Q: 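Mind looking over this structure? Questions follow.
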Amino acid sequence: MYRPIHITESIYYVGVNDRRKTLFENQLPLPYGISYNAYLIKDEKIALVDTVDVCFFDSFLKKIEAVIGTKKVDYLIVNHMEPDHAGSIRLIRERYPDIQIAGNSKTIEMINGYFGITDNLKEVKDGTILELGKHKLSFTLTPMVHWPETMMTYDATEKILFSGDAFGCFGALDGGVIDRTMNLDKFWSEMRRYYACIVGKYGVPVQNALAKLQGVEIDYICSTHGPVWKEQIEKVVNSYSRWSRYEAETGVVIAYGTMYGNTEQMAEAIAEGIVAGGIKNVVLHDVSKTDASFILSDIFHYTGLVLGSPTYMNELFPGVESLLRKIEVRQVKNRVFASFGSFTWAGVSVKRIAPVIEGLKWEVVGSVEEKQALRQEKYNECFSLGMDIAGKIRC
Ligand code: FEO
């Protein structure tokens with residue numbers, strides 16, 4: 001029923017796919033599902049690197065047994081304690097009672113907190129070596145990529161980096177595990193969306209982690225989500241490097257709320273101006289239709305953002321307010337910005353947006369407000385605003 005899935009001769013993939021969950025962390029849509037990756041290193045000692053969501057424990061165990069039969073697992077290495085990976089720790093300990101669980105001091109505290117496990121734990125630090133026989137594992141603490149305890153494990157023998165969430169992406173694995181065997185089309189945009197939503201707040205910690213990896217020879221990156229990277233290592237590391245510095249491609253996201261289409265008409269006029277100004281990459285999102293995770297992904301992708309909102313109950317339209325808060329939380333840097341809004345009797349929305357953008361220190365090009373329906377004069381202002389944005393981001 002299960003066959004061993006090799007990464008190399010002695011390292012195996014034992015992860016699982018989840019195509020039933022609709023919302024990751026009960027909030028982020030999963031149109032292509034998600035994989036929870038775990039790995040088994042077979043040597044004189046056998047080490048399991050991370051576990052999977054507890055709902056998939058049965059399949060997970062069968063995959064382990066397909067590799068090692070009735071032998072026992074000696075070590076469980078816990079790179080990350082979020083329950084999509086750590087969820088099966090308790091059951092693994094029950095199945096392999098002598099297993100030693102390796103993690104850093106913060107991991108060990110969480111293992112106690114989540115599972116009440118206090119015995120047979122091995123604390124590792126930056127640079128600690130764990131010898132399995134031929135394989136020598138070392139550990140690199142990478143706090144806040146994505147939680148405080150996150151770390152990476154490096155197998156110097158086969159030059160494999162077990163990277164935790166880093167370099168991961170949404171999207172289940174449809175039969176293949178290593179990038180060179182798969183059509184990767186769906187993963188690139190899902191990797192950016194994953195970064196923007198999960199890791200996007202932690203640009204500096206990601207930079208610190210990348211600095212620690214400088215000079216390390218890596219033949220495979222085994223992340224906890226998505227493909228094992230072999231041929232695309234340079235691309236994924238460069239992507240993380242750019243995103244963590246909030247570098248983006250030339251283009252503009254226009255995100256807006258609209259109740260009856262008036263604010264949307266302004267968005268269209270601004271978009272026309274941006275394209276007339278020579279920018280091809282323009283993406284419009286109605287915040288009531290497009291989940292914020294996809295909008296955030298585009299905000300990480302492009303240099304410009306234009307945000308529009310009707311005034312609603314003397315405040316921002318709720319979907320716009322929520323998006324703005326998500327941007328603020330992530331402290332996205334270095335964007336060119338403009339805003340627009342419409343109202344019937346009291347114009348508030350543009351005023352509510354301004355202080356948040358000031359806090360982010362973005363370059364503000366301008367704003368347009370319309371009372372009631374869009375008239376020619378305001379259409380022209382919107383178009384001109386679009387042209388001005390295009391001029392700024394072309395520079
Ligand atoms: Fe995939 Fe932060 O857990």
Side-chain angles (χ1 to χ4, degrees), residues 13-39 48-57 59-60 76-90 92 101 103-104 106-111 113-115 139-153 161-173 177 186-187 189-206 208-210 221-229 236 239-240 243-244 293 296-297 300 326 329-330:
Y13 179 84
V14 290
V16 298
N17 289 299
D18 186 348
R19 296 184 183 82
R20 271 172 281 162
K21 185 172 285 179
T22 52
L23 295 174
F24 184 67
E25 294 181 345
N26 208 17
Q27 56 173 331
L28 303 166
L30 292 173
Y32 306 108
I34 190 165
S35 69
Y36 311 121
N37 299 343
Y39 304 90
L48 182 59
V49 182
D50 290 311
T51 73
V52 300
D53 184 302
V54 69
C55 299
F56 292 83
F57 179 74
S59 298
F60 177 50
L76 168 62
I77 292 153
V78 180
N79 281 328
H80 184 21
M81 276 300 293
E82 192 167 4
D84 51 333
H85 311 296
S88 294
I89 288 178
R90 190 205 315 272
I92 281 289
I101 303 176
N104 58 68
K106 291 192 174 79
T107 318
I108 284 170
E109 187 248 316
M110 290 184 191
I111 287 173
Y114 274 107
F115 304 111
F139 304 96
T140 302
L141 305 196
T142 54
M144 301 319 299
V145 187
H146 147 229
W147 279 16
E149 88 300 353
T150 45
M151 66 179 198
M152 298 186 189
T153 300
L161 180 70
F162 299 96
S163 63
D165 278 348
F167 315 115
C169 50
F170 296 129
L173 302 176
V177 170
K186 71 179 177 189
F187 291 109
S189 59
E190 285 296 79
M191 187 179 196
R192 192 181 59 241
R193 188 167 68 95
Y194 179 90
Y195 182 89
C197 297
I198 306 288
V199 194
K201 178 178 166 60
Y202 307 112
V204 171
V206 170
N208 292 339
L210 291 174
I221 293 179
C222 294
S223 161
T224 46
H225 299 289
V228 168
W229 301 113
V236 301
S239 295
Y240 259 63
W243 295 331
S244 60
S293 65
L296 280 174
S297 176
F300 272 79
K326 289 179 170 74
V329 162
R330 284 160 182 78

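Worth saying up front: this structure is predicted, and the values here are computed from it rather than measured. Just so you know, ligand 1 is whichever comes first in the structure, and atom 1 is the first atom listed for that ligand.
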Q: So which N/O/S atom does H146 have closest to atom 2 (Fe) of ligand 1?
A: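 H146's closest N, O or S atom to atom 2 (Fe) of ligand 1 is named ND1.
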
Q: How about NZ on K106, more than 12 heavy atoms from neighbouring residues, nucleotides or ligands closer than 6.0 Å, or not?
A: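 Not more than 12 within 6.0 Å, no.
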
Q: Suppose we only count N/O/S atoms under 2.8 Å; would H225 qualify as near atom 1 (Fe) of ligand 1?
A: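 Yes, within the cut-off.
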
Q: Which atom name does D165 have for its N/O/S atom nearest to atom 1 (Fe) of ligand 1?
A: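 Minimum-distance N/O/S atom of D165 relative to atom 1 (Fe) of ligand 1 is OD1.
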
Q: Aromatic rings H225 and Y36: how do their planes relate, parallel, tilted or perpendicular, breaks at 30° and 60°?
A: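 Aromatic pair H225/Y36 classed perpendicular.
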
Q: Work out the angle at atom 1 (Fe) of ligand 1 between OD2 of D84 and NE2 of H85, rounded to 10°.
A: 90°

Q: With rounding to the nearest 0.5 Å, note down the distance linking CZ in F162 to OG1 in T153.
A: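 Here the rounded value is 7.5 Å.
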
Q: Do Y202 side-chain atoms and S244 backbone N/O form a donor-acceptor pair below 3.5 Å?
A: no

Q: Kindly state whether the ring of Y195 and the ring of Y240 have centres lying under 6.0 angstrom apart.
A: yes

Q: Could you tell me whether atom 2 (Fe) of ligand 1 has an N, O or S atom of E82 under 2.8 Å away?
A: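 Coordinating: yes.
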
